[in-house]
Amino acid sequence: MNERIVKHTFFWGLVTLFLTAYFGRTAENYLQSFYFTCFMLPVALATSYFFNYYLVPQFLISKKYWKFGLYFIYTLIISLYLEMLVMTLSFIVLGNYQYDKMNPLTVDIFTLTITLYLIVLTVAFARMIKAFQSTTQLNSRLIEEQEKSKTPIITVKSNRETVPVILSTICYIESMSDYVKIHTSGKTIITKEKIGKISDELPSLFIRVHRSFIVNKNLIDSFSKEKIHINGTDIPISRTYKKAVMVELEEKS
């Protein structure tokens, strides 16, 4: 099952338990509280998703504040109307038309509205934290990439010596069984270092096209969906990397 669906299902399951406990504690009737929560939940779901996945990205983030304010007022009015329908439904189904059988909290429109928008804002807060984490990770990757780009060389161990390799001269890197070949425009350097370690030190100029090959995008002569021709050699593109490689190469071309 999709991870996002699992997370959302888990969250709304917690909301259901919280509302059941919250409403049930007052009247000490948790079964009635659960039924009322089931009536209330579609309103909370609709309001929360509309607010957080439409109003905020479409108007608030894009700085269309007056439209955001206007549509938020509409949302508030509609959600109040739906809450009143929930109250009426619960009065008929759960209270059997007898007001004294109703939980005091479930017939208090102010309490219901506050509860509803606390849920909405909780979702908004969670999305804000997630967006902040994504932005932080993206900034970290950009800084790391900038640092890599500042370094015109990488150093590798070859024949017990540290050998500097100019990045712009590397055509492709080939991983063998227990060593790696770095094919440059002038020579081939053999090292015992792992291709994954070398890959971590390379800037975005280089792309992994196969578990055993990394190529320099600037030195590619031609490419197809199955292979890349570079420096007189055909490099296979594996199925694992094909989609990402095609996107990068087509953008570059």
Side-chain angles (χ1 to χ4, degrees), residues 1-11 53 57 126-127 129-253:
M1 187 183 292
N2 188 292
E3 183 180 353
R4 185 179 180 185
I5 295 175
V6 172
K7 288 181 178 179
H8 283 233
T9 303
F10 178 74
F11 172 78
Y53 291 88
R127 282 175 55 81
I129 292 176
K130 185 177 179 181
F132 176 77
Q133 291 174 338
S134 298
T135 302
T136 302
Q137 292 173 356
L138 178 60
N139 288 338
S140 298
R141 287 197 297 268
L142 289 174
I143 292 171
E144 184 180 348
E145 186 61 37
Q146 287 174 354
E147 290 300 319
K148 288 180 181 179
S149 299
K150 290 177 183 177
T151 307
I153 65 170
I154 60 169
T155 57
V156 295
K157 293 285 187 180
S158 180
N159 293 327
R160 299 182 181 179
E161 295 181 347
T162 300
V163 180
V165 186
I166 300 173
L167 291 174
S168 60
T169 67
I170 299 175
C171 298
Y172 63 95
I173 300 171
E174 179 182 8
S175 175
M176 309 301 286
S177 57
D178 57 353
Y179 59 92
V180 168
K181 289 183 177 181
I182 301 176
H183 299 270
T184 72
S185 54
K187 59 182 178 180
T188 298
I189 299 167
I190 298 177
T191 178
K192 292 284 188 178
E193 295 186 20
K194 301 295 184 182
I195 193 169
K197 179 179 180 297
I198 296 174
S199 176
D200 291 338
E201 299 176 7
L202 296 173
S204 58
L205 169 66
F206 294 86
I207 55 172
R208 192 84 174 260
V209 300
H210 191 281
R211 66 189 301 269
S212 301
F213 290 96
I214 299 172
V215 302
N216 185 334
K217 289 191 291 187
N218 285 352
L219 298 181
I220 293 174
D221 298 316
S222 61
F223 67 90
S224 66
K225 291 183 178 180
E226 286 75 35
K227 62 184 179 180
I228 289 173
H229 189 72
I230 185 170
N231 197 32
T233 304
D234 287 333
I235 306 296
I237 301 174
S238 71
R239 188 175 301 174
T240 303
Y241 296 93
K242 181 177 292 186
K243 184 176 180 181
V245 170
M246 288 298 105
V247 169
E248 286 212 41
L249 295 183
E250 286 171 2
E251 284 181 354
K252 185 177 184 301
S253 60

**Q.** Qualifying ring pair (Phe, Tyr, Trp, His ring centres under 6.0 Å) pairs with a residue from residues 177-208, counting only residues at least two apart or across chains
**A.** Y172-H183

Q. Ignoring hydrogens and geometry, is there a side-chain-to-backbone donor-acceptor pair from K242 to V209 under 3.5 Å?
A. no

(Q) Checking the side chain of S158 only, and the main-chain atoms of I190 only, is there a donor and an acceptor separated by less than 3.5 Å? (A) yes

**Q.** Validation row: H210, P236 side chains within 4.5 angstrom (heavy atoms)
**A.** yes

(Q) How long is the straight-line distance from CD1 of I198 back to OG1 of T191, given to the nearest 0.5 Å? (A) 5.5 Å

**Q.** Minimum heavy-atom distance E248-S204, with the two atoms named
**A.** OE1-O, 4.5 Å

Q | With sequence neighbours excluded, residues passing side-chain hydrogen bond (donor to acceptor under 3.5 Å, both in side chains) with K157 | A | T162

Q) Do N216 side-chain atoms and N218 backbone N/O form a donor-acceptor pair below 3.5 Å? A) yes

Q) Can you name the closest pair of heavy atoms from P203 and L167 and give their distance? A) CD-CD1, 3.9 Å

Q.
Could you check whether any side-chain heavy atom of I207 comes within less than 4.5 Å of a side-chain heavy atom of L249, counting everything from C-beta outward?
A. yes

Q.
If you define the side chain from C-beta out and look only at heavy atoms, does anything of I237 sit under 4.5 Å from M246?
A. yes

Q: To the nearest 0.5 Å, tell me how far K181 NZ sits from S212 OG.
A: 12.5 Å

Q) C171 and S185: which non-hydrogen atoms are nearest, and at how many Å? A) SG-N, 3.9 Å

Q) Taking it one step at a time, do N231 and L219 satisfy side-chain contact (heavy atoms from CB on, under 4.5 Å)? A) CA-CA 7 Å; N231 197 32; L219 298 181; over 6 Å; no

**Q.** Between OG on residue S199 and CD1 on residue I173, distance to nearest 0.5 Å
**A.** 8.0 Å

Q.
So, using ring pair (Phe, Tyr, Trp, His ring centres under 6.0 Å) as the criterion, who are the partners of H229 when residues are at least two apart?
A. none

Q: Measure the spacing between CD1 of I228 and NZ of K217 and express it to the nearest 0.5 Å.
A: 10.5 Å

Q: Would you give the length of the straight line joining atom CG of D200 to atom CG of L202, rounded to the nearest 0.5 angstrom?
A: 8.5 Å

Q: Count the heavy atoms belonging to other residues, nucleotides or ligands that lie under 6.0 Å from CG of N139, then report whether that count exceeds 12.
A: yes

**Q.** From E3 atom CD to H8 atom NE2, the distance as rounded to the nearest 0.5 Å
**A.** 10.5 Å

Q: Applying side chain to side chain contact (heavy atoms under 4.5 Å, CB included) between V163 and each of T155, I189, I182, I153, report the one that passes.
A: I189

Q: Determine, step by step, whether V180 and M176 satisfy the side-chain contact (heavy atoms from CB on, under 4.5 Å) criterion, reporting the C-alpha distance in whole Å, the side-chain angles of both residues, the deciding distance to 0.1 Å, and the verdict.
A: CA-CA 6 Å; V180 168; M176 309 301 286; over 6 Å; no

Q: Please answer whether the main-chain N or O of R211 pairs with a side-chain N or O of R208 as donor and acceptor at a distance below 3.5 Å.
A: yes

